[in-house]
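Computed from a predicted model, the values in this text were never measured in an experiment. Any value given below was found using the heavy atoms of this structure, including those in side chains, with hydrogens, waters and symmetry copies removed.
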Amino acid sequence: MNRKIRNLLLIAVLAVAALTLTGCIDFQRPVDLDNPPGWWEGLVVYPLAKLLIALNKAIAGLGIPYSYGWAIIVFTIAIKIVTLPLTLKQLQSTKAQQELQPKLRELQEKYGKDRQKLAEEQMKLYKESGINPLGGCLPLLIQMPVLFGLYQALYVLANPSVNELIGARFFWIPDLSFPSLTVGTSWIGESFAAQDWGKLAAYFSMPIFMLVSQLLLQKMAQPPSAGTRPDQQDPQTRMMTQMMLFMPIMFAWITLGLPSGLTLYWSVSNVLSIIQQYFITGWGGLTDWFKFLKPKQAPATALGAVKPEKIVTTGPIPPSQPSEPPQPAKPVKRRRRRH
């Protein structure tokens with residue numbers, strides 16, 4: 001049951017994130033940052049939006065171009081630093097579960113047909129190892145309100161009544177507020193019809209980068225396959241692997257209809273998470289995709305091959321013993337002939 005509960009929690013979190021990012025909450029109404037409509041906006045969303053505005057003004061005051069893009073990046077780094085203790089706990093739990101994978105595979109081979117017995121043995125193994133299988137999910141659930149608040153703050157900045165993120169350029173991206181929530185993904189078909197390849201390349205680049213970084217991050221969080229082919233995995237593991245590959249593709253499509261500032265935040269967050277993941281758990285399952293990332297092992301010596309050691313003598317070499325002199329040959333006696 002523990003693994004099923006963990007999977008259900010993960011699916012629920014991703015579903016809530018998808019609903020939030022698709023714009024189910026109406027952010028097109030006029031926004032007054034000094035008069036929040038509710039406690040959520042007053043305690044989380046609007047303060048975060050004001051903080052982003054202050055960062056933008058500070059960076060622009062230093063004469064740094066693309067100030068709003070850098071403000072989002074600095075804000076993302078700050079969020080990562082604040083949530084670092086929770087992230088470390090989550091990554092340590094992930095590492096502990098990765099180290100437990102060989103024993104879990106043995107249990108699957110032994111009790112694969114008896115699901116109830118397999119669940120009982122897995123729970124027993126987790127308890128003996130002192131690992132909470134939900135330890136990697138609980139910190140994520142605690143961070144979700146902060147992440148949703150940041151997403152919604154960027155929505156607010158892209159609102160026409162606030163007029164902060166509109167027209168904010170970041171390198172090759174013309175406008176961090178485009179596409180707006182009213183435009184959605186309709187701009188893709190219009191750009192193809194107008195053959196506006198520059199616009200398509202600019203606003204497709206960040207979702208593609210987000211997709212690649214998300215795939216790398218999720219693969220790093222998985223243990224190496226240890227030579228197990230996908231068709232040899234148990235059905236539940238295979239289903240989870242397929243779902244974890246499908247979710248980044250779905251989110252990449254969703255971000256094509258969201259302000260580019262959101263995708264910038266998500267991409268930078270993925271890069272920082274990859275760095276954190278590497279220092280805690282290493283490359284993880286990423287070695288299945290890129291073989292050169294596997295640590296090199298020292299070549300083992302052949303069995304029975306013993307390298308002869310050089311004998312060094314420090315004293316005088318003793319004289320060799322003379323061999324015994326050869327014995328003289330005995331004379332041969334000749335018999336006299338009788339006449």
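A salt bridge is absent between Lys199 and Asp175: the closest approach of a Lys/Arg side-chain nitrogen to an acidic carboxylate oxygen does not fall below 4.0 angstrom.
In this structure, Asn56 contributes its side chain and Tyr68 its backbone to a donor-acceptor pair below 3.5 Å. Between the side chain of Ser161 and the backbone N or O of Val31 there is at least one donor-acceptor pair closer than 3.5 Å. Judged by distance alone, the side chain of Ser267 and the main-chain N or O of Thr263 form a donor-acceptor pair under 3.5 Å. Side-chain N or O atoms of Thr76 include none that pairs as donor or acceptor with a backbone N or O of Val268 at under 3.5 Å. Of the possible polar contacts, one joining the Trp187 side chain to the Leu256 backbone as a donor-acceptor pair under 3.5 Å is found.
When the side chains of ILVMFWY residues are joined at heavy-atom separations under 4.5 Å, either directly or via intervening members, Trp70 and Ile53 end up in a single hydrophobic cluster. No continuous path of ILVMFWY side-chain contacts below 4.5 Å connects Ile166 to Ile173, so the two sit in separate hydrophobic clusters. Leu52 and Val82 are members of different hydrophobic clusters when ILVMFWY side chains are connected at heavy-atom separations under 4.5 Å.
Side-chain contact, Thr255 with Trp266: no donor N or O sits under 3.5 Å from an acceptor N or O. Under the 3.5 Å distance criterion, with hydrogens and angles disregarded, no donor-acceptor pair is assigned to the side chains of Ser67 and Lys57. For Trp283 and Gln277, the side-chain atoms include no donor-acceptor pair closer than 3.5 Å. Side-chain contact annotation: Ser191 with Asp196, donor-acceptor N/O pair under 3.5 Å absent.
Atom CH2 of Trp39 has 12 or fewer neighbouring heavy atoms from other residues, nucleotides or ligands inside a 6.0 Å radius. For CH2 of Trp172, the number of neighbouring non-hydrogen atoms (other residues, nucleotides, ligands) closer than 6.0 Å is 12 at most. Other residues, nucleotides and ligands place no more than 12 heavy atoms under 6.0 Å from the OH atom of Tyr278.
Between Gln218 and Gln214 there is a side-chain heavy-atom pair separated by less than 4.5 Å.
Classification of the Phe171-Tyr66 ring pair by plane angle, with boundaries at 30° and 60°, yields tilted.
Rounding to the nearest 0.5 Å gives a distance of 12.0 Å between CG of Leu55 and CD1 of Ile73. In this structure, the separation between CG on Leu176 and CD1 on Ile72 is 5.5 Å, given to the nearest 0.5 Å.
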